[in-house]
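Here's the structure, in structure tokens; my notes come after.
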Amino acid sequence: VSAFSQSEETIISPRISRDCAVALLAAVAVAAGFWAAAPAETQTARPARVAGKPNLNGIWQALNTANYDILSHSAKAALAFRPGPVVPVPATAVVAFGAVGAVPAGVGIVEGDEIPYLPEAKKKQLENQANWLDRDPEIKCYLPGVPRANYMPFPFQILHSDKAVFFAYEYAGAVRNVYLKDPGPAPVDSWMGQSVGTWEGDTFVVTVTGFNDQSWFDRAGNHHSDQLKVVERYTPQGPDHLWYEATIEDPQTFSKPWKIRMPLYRHINPNARLNQFKCVEFVEELMYGKFRKTP
Amino acid sequence: MRKLIALTFVALAATSVVAQSLDSARDKQKPASLRTPDGKPDLQGIWSNATITPLERPQNVTNLVLSQEEATRMERATLERRERLNQPSDPDRPAPPKGGDGSTGAAGNVGGYNNFWLDPGERVAVVDGQRRSSLIIDPPNGRIPALTDAARARQGARLKMMAGRGQYDHPEFRPLAERCLLSFGPTTPLVPNYFYNNNIQIVQTPDHVMILMEMVHDARIVRLNATTHLPKHIRPWMGDSIGRWEGDTLVVDTTNFPPQQNFRGASENLHVVERFRRVDANTINYRFTVDDPTTFTAPFSGEIPFRAMDELIYEYACHEGNYALSNVLSGARNEEKRLGTKQEKQ
């Protein structure tokens, strides 16, 4: 059992995204061995359905590098560069991170691998990317918005009952209460938007509106306006996988709707739990350090 | 609750709203089903623990239970006060005097929040039909027991640490709520803050109970499928909560608090036991016991009614609009610079 818990620990480490391929292989291997060798250690019996609908309860996580860039991308040395004497080199502010600050490659999550930006909006994305250190809301531990919250390199827990579907995210302690009855247009814009959920057969469809224009899609500066509308589809593929698709609409930013898609994996570790990443405290030095009486 | 309220507690920039009532949310719960499909009492919904009954009983009150007349008098006085404070301000009033007008509380000293922004509750707490003079029921005097010598020594050490230092020297010297780390009211136990946003959502599954505090979008996830607490060195904000059903009562046991979250001076040894009991369509009876032998000379317990709300909880984004923390710190630095320059000139 102890051997299992160790390898499990590697698998569910929240910052696994860059090792996802390895982790996935290991997950398959461990899960196979797990069921064969230690059934007594499995999570408590998990009913297949809740109030007649597929059971969404669990701790879920995307295993990809979309938080770096939702489009396909090669690995590169850093997220911020300066021109450099020969070729661009990591910016002074990030150079100390070495390989830890490098960006892992990814196949992308956007259907067709292209975001249909309007010309001005494309310009803004490039500016955002060039000014990533100053502009990415993730750096300041701001709420991640939707869909970014779902593919941050952190797990999230869905609490699904006969009366409620509630998303609790490890990153920044973000939350979404998915209304199962439409309360009408959101009275105020917010970072996480207003979520309204309905079931289409076994697919949970969540329409998210009422966003502000502050959140991003990734660390590559992909952005939106407050006209953003996200329609998410969560479709179970067996007890431990959800197929996630989201249609992104924002006529102020994009010339037409576009789609992202990815699997979400359930943490099957018997000890799985949502940990706390209340990063507000972690960015105090970044945000307020310059106002200290003494350094 | 009607006119509630875009609320920003450190700055007018945080974006939480308990907005106007929404017709769809007004539909009353069907009282038929106070149990979940698996037969447990159903604690789900949006609740408020706001009340005018204070945590501790005033020194001049002896009985826990108020008469109907006493309770009515308290509630009427609250409404009259609110009415008075809601009168329009005189647009021709002068600026507050230099150094402040000496007032305290929410509108502190130079003016801040007026009454419109506040929602401290308007009703006396009623538990099992009794109108209560304090939330604390044990010890019988309704007051938090005296601090231990060890706790007083910790307070002394804190004062000593601050000697010669200013409260605006560093962000760590500011209260947790000003730093947008937690609500300024207690989070565990769920004692009202007597100010605003005393709103709580509960979602319940067979394995977990999620308790969301509107302020600061803090979801405390109680594990019903665990029997032991986290390792001692892991100390999440709000502590580590594990729960179990004792008959029709949900019992939640919380330890592993971080030492900075010093509820009433409590240490990292704080141990809170909460009991949630659904008593009718509109009410949860909430009972809490606080124990920390390194802080309090005895444990104490209280009871609070949670009342069902027919309004929704909106996002309380605090940190994202926290201009106040940089402003108070940079203001203090500027003030030092100004005083320094003045001294040089003299």
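Note that this is a predicted model, so its numbers are computed, not measured. Every chain is numbered from 1 and lettered A, B, ... according to where its sequence line falls, protein lines coming before strand lines.
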Residue by residue, which of residues 288-295 of chain A have a heavy atom closer than 4.5 Å to a heavy atom belonging to chain B? A:Y288, A:F291, A:R292, A:K293, A:T294
Checking A:V283 against chain B: side chain, backbone, both or neither under 4.5 Å from a heavy atom? side chain
Between A:Q157 and chain B, with a heavy-atom cut-off of 4.5 Å, which part of the residue counts as in contact: side chain, backbone, both or neither? side chain
Test salt bridge (charged side-chain N to carboxylate O under 4.0 Å, His left out) applied to B:D38 - qualifying residues, sequence neighbours left out: none
Counting heavy-atom pairs under 4.5 Å with chain A, which one of B:L329, B:D169, B:V203 comes out on top? B:D169
Examine whether an atom of A:A51 lies under 4.5 Å from a heavy atom of chain B, and if so say whether it belongs to the side chain, the backbone or both; otherwise answer neither. neither
Do the non-hydrogen side-chain atoms of B:Q260 and A:E281 ever get within less than 4.5 Å of each other? yes
Can you find a heavy atom in the side chain of B:R223 that is under 4.5 Å from one in the side chain of A:R273? yes
Spacing of B:I313 atom CD1 and A:N177 atom CG [to the nearest 0.5 Å]: 8.0 Å
Run the side-chain contact (heavy atoms from CB on, under 4.5 Å) test on B:R179 and A:V280 for me, step by step, so that the C-alpha distance in whole Å, both residues' side-chain angles and the decisive distance to 0.1 Å come before the verdict. CA-CA 8 Å; B:R179 299 159 69 190; A:V280 172; 5.8 Å; no
A:F166 portion near chain B, given a 4.5 angstrom heavy-atom threshold: side chain
Contact leader toward chain A among B:L230, B:V328, B:I234, B:V209, where contacts are heavy-atom pairs under 4.5 Å: B:L230
Counting only non-hydrogen atoms closer than 4.5 Å, does A:L274 touch chain B with its backbone (N, CA, C, O), its side chain (CB onward), both, or neither? side chain
NZ/NE/NH1/NH2 to OD/OE distance under 4.0 Å, A:R46 and B:D207: no
With a 4.5 angstrom heavy-atom cut-off, is it the side chain or the backbone of A:Q276 that approaches chain B, or both, or neither? side chain
Roughly how far, to the nearest 0.5 Å, is CG of A:N57 from OG1 of B:T205? 4.5 Å
Which one, A:G210, A:A168, A:C141, leads in non-hydrogen pairs under 4.5 Å with chain B? A:C141
Proximity breakdown for B:I221 and chain A, heavy-atom pairs closer than 4.5 Å: side chain
Under a 4.5 Å cut-off applied to non-hydrogen side-chain atoms, are B:D218 and A:K278 in contact? yes
When every non-hydrogen atom of A:A172 is compared with those of B:H217, the smallest separation belongs to O-CE1, 3.4 Å
Structural part of B:D42 lying under 4.5 Å from a heavy atom of chain A: side chain
Would A:L159 and B:Q204 count as a side-chain contact (heavy atoms from CB on, under 4.5 Å) if you check the C-alpha gap in whole Å, the side-chain angles of each, and the deciding distance to 0.1 Å? CA-CA 7 Å; A:L159 297 122; B:Q204 193 179 335; over 6 Å; no
So A:V175 and B:E315, side-chain contact (heavy atoms from CB on, under 4.5 Å) or not? Walk me through it. CA-CA 8 Å; A:V175 294; B:E315 180 175 273; over 6 Å; no
Side-chain contact, heavy-atom cut-off 4.5 Å: B:Q44 with A:S161? yes
With a 4.5 Å cut-off on side-chain heavy atoms, are A:E284 and B:P171 touching? yes
Atom NZ of residue position A:K229 - does it have more than 12 heavy atoms of other residues, nucleotides or ligands inside 6.0 Å? no
